[in-house]
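Just below is one structure, and these are the notes that go with it.
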Amino acid sequence: MSERVRLTVTDGLGRITLTRPEAINALSVDMIGDLATALEGWRHDSEVATVLLDGDGPRGFCAGGDLREVLGHYDRDGLDGALAYFRAEYELDLAIATYPKPVVSIMHGVSMGGGIGLGGHATVRVVTETSRLAMPETRVGFTPDVGGTYLLARAPGRVGEYLAMNAATMSAADAIWAGFADLLIPSAAVADFVAALSERADPGSPAELALLFDETPEASDLEAARPWIDACYSAGSAPEILDRLRARPEAAAADAAAELEALSPTAVAVALAAVRRARALGTVRAVIEQEFCTVAFMLGQPDLREGVRAQLIDKDRSPRWSPARIADLAPGIGATALDWYTGQGPFDTK
């Protein structure tokens, strides 16, 4: 077990805590392996009735996967080396989504990308007033994954397209309304909630216990924005969505248009196609299999490396995308990405 994951078992509660707060608990391949090993070991362990996922540090639960590590694997071992990371991560996400025991996640602070893969598929998904959830992949020239497009596809109306394409950040209220979380527990009450889980207080189920600490969230800004989001993001393509946003009278729509224009055009188009096809897929597993294909495609595109450089390495926040504009996208690039990879899927046995 690495120093970046802490395991405890207390009175039937198996607790997995991410302990890499200096990186907002970003997931390394070793951390993914540690989590998978813990869950598998507790699957048939009579001493563990409930699993809790949380993260150390005030900044957040989990900022996502470590894309610099992924690109390192790609440079050393090619596409298969990079895909090994995602294969391990997706197996973990599916294990959480289908786990035979209740899994409780506490997604405080920054909970994005790979953090949604861990926390967003749990049985009971808790947010706090500090929570900021997102699928931010288009900011770095990538595509939503970790089962995120399953959640995005099931958000109300066309909100999933908006969240995926714009990499928009949700408050706790937004996350609950959009289906990424279930309950709001104030930060000050989280320790008492965890104690109640470990003490098996009555009522006994994790969901019932969480309700004892739940507070009604404030109104969701995302819900209020749905009329213009639905009107714009129902368009047939990324260029058409951008045109509709520019034509709207709302200032928020103009802001969304400016956001889209600053993001990777290729990533934006792929995200749109991925969310729409995910609506026709019935299970998290099927959606993750699709995401594996889009990830394989995106790993070979220049925008991912450029996005990681601009956002995570040099931090100049000035990526040079290729192509540079949504208007310059090749027709059908989204569908191409969904069907590009023909190798072994994420759950195939090597």
Side-chain angles (χ1 to χ4, degrees), residues 5-18 25 35-36 38-40 42-43 45 47-56 60-62 92-135 146-148 150-152 154-155 170-218 220 283-284:
V5 175
R6 182 173 64 246
L7 305 180
T8 59
V9 177
T10 306
D11 294 331
L13 180 67
R15 184 173 184 176
I16 303 175
T17 302
L18 307 179
N25 300 313
L35 268 69
L39 287 174
E40 185 58 32
W42 290 343
R43 182 179 292 271
D45 187 342
E47 297 298 314
V48 176
T50 300
V51 174
L52 172 65
L53 297 172
D54 65 353
D56 269 354
F61 167 59
C62 178
L92 173 61
D93 298 332
L94 184 63
I96 293 169
T98 60
Y99 206 63
K101 300 175 181 181
V103 178
V104 179
S105 63
I106 300 177
M107 295 183 284
H108 80 286
V110 173
S111 304
M112 300 184 178
I116 300 296
L118 299 181
H121 301 301
T123 315
V124 180
R125 304 166 299 172
V126 174
V127 287
T128 76
E129 75 282 358
T130 70
S131 294
R132 296 294 180 266
L133 277 66
M135 297 304 299
V146 297
Y150 181 87
L151 300 173
L152 291 163
R154 284 151 183 80
M170 294 175 276
S171 67
D174 294 334
I176 292 171
W177 177 76
F180 279 71
D182 303 305
L183 299 161
L184 170 63
I185 295 179
S187 296
V190 167
D192 291 336
F193 170 55
V194 173
L197 285 173
S198 63
E199 292 165 2
R200 301 187 183 184
D202 290 329
S205 79
E208 290 171 321
L209 284 173
L211 286 172
L212 297 178
F213 299 90
D214 179 38
E215 285 195 1
T216 302
E218 60 188 14
S220 165
T283 65
V284 176

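Note that the structure is predicted; figures quoted are calculated from it, not measured.
To the nearest 0.5 Å, atoms OG (Ser205) and CG (Leu197) are separated by 9.5 Å. Residue Phe180 holds its CZ atom at 7.5 Å from CG of Leu133, rounded to the nearest 0.5 Å. Atom CE of residue Met112 and atom CE of residue Met170 lie 8.5 Å apart, to the nearest 0.5 angstrom. Atom-to-atom distance recorded for Thr128:OG1 and Ile185:CD1 is 9.5 Å, nearest 0.5 angstrom. Here the CG atom belonging to Leu183 is positioned 9.5 Å from the CZ atom belonging to Arg125, to the nearest 0.5 angstrom. Atom OG1 of Thr123 sits about 9.0 Å away from atom CG of Asp182, to the nearest 0.5 Å.
Listed here is the closest heavy atom pair of Ala49 and Pro102: O-CD, 3.4 Å. The two atoms that bring Glu218 and Ala173 nearest to each other are O-CB, 3.1 Å, heavy atoms only. The nearest pair of heavy atoms linking Asn25 to Cys62 is O-SG, 3.3 Å. Of all heavy-atom pairs between Gly113 and Val146, the closest is O-CG2, 3.3 Å. In terms of heavy atoms, Gly109 sits closest to Thr130 at N-OG1, 3.0 Å. Residues Arg15 and Asp54 approach most closely at NH2-OD2, 2.6 Å, considering heavy atoms.
Using a 4.5 Å cut-off on side-chain heavy atoms (C-beta onward), Leu53 and Ile96 make contact. Residues Val103 and His121 are not in side-chain contact: their nearest non-hydrogen atoms beyond the backbone lie 4.5 Å or more apart. No side-chain heavy atom of Ile106 sits less than 4.5 Å from a side-chain heavy atom of Phe61. Considering only heavy atoms from C-beta on, Leu118 comes within 4.5 Å of Asp93 through its side chain. Within the 4.5 Å cutoff, the side chain of Thr283 has no heavy atoms near those of the Tyr150 side chain. Residues Leu184 and Asp214 form a side-chain contact, since some pair of their non-hydrogen atoms from C-beta on lies under 4.5 Å apart. Leu18 is listed as a side-chain neighbour of Leu35, based on a closest heavy-atom distance under 4.5 Å. Using a 4.5 Å heavy-atom threshold, the side chains of Leu39 and Ile16 count as touching.
Between the side chain of Asp56 and the main chain of Thr17, no donor-acceptor pair closer than 3.5 Å is present. Judged purely by atom type and a 3.5 angstrom limit, Glu129 uses its side chain to pair as donor or acceptor with the backbone of Ser187.
With sequence neighbours excluded, the residues satisfying side chain to side chain donor-acceptor pair (under 3.5 Å) with Glu40 are Arg43.
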List the steps, then state whether side chain to side chain contact (heavy atoms under 4.5 Å, CB included) holds for Phe213 with Val126.
-> CA-CA 10 Å; Phe213 299 90; Val126 174; over 6 Å; no
Apply side chain to side chain contact (heavy atoms under 4.5 Å, CB included) to the pair Arg132 and Ser171, showing each step before the final yes or no.
-> CA-CA 5 Å; Arg132 296 294 180 266; Ser171 67; 4.3 Å; yes
Applying side chain to side chain contact (heavy atoms under 4.5 Å, CB included), run through Leu152 and Met135 and close with a yes or a no.
-> CA-CA 9 Å; Leu152 291 163; Met135 297 304 299; 4.2 Å; yes
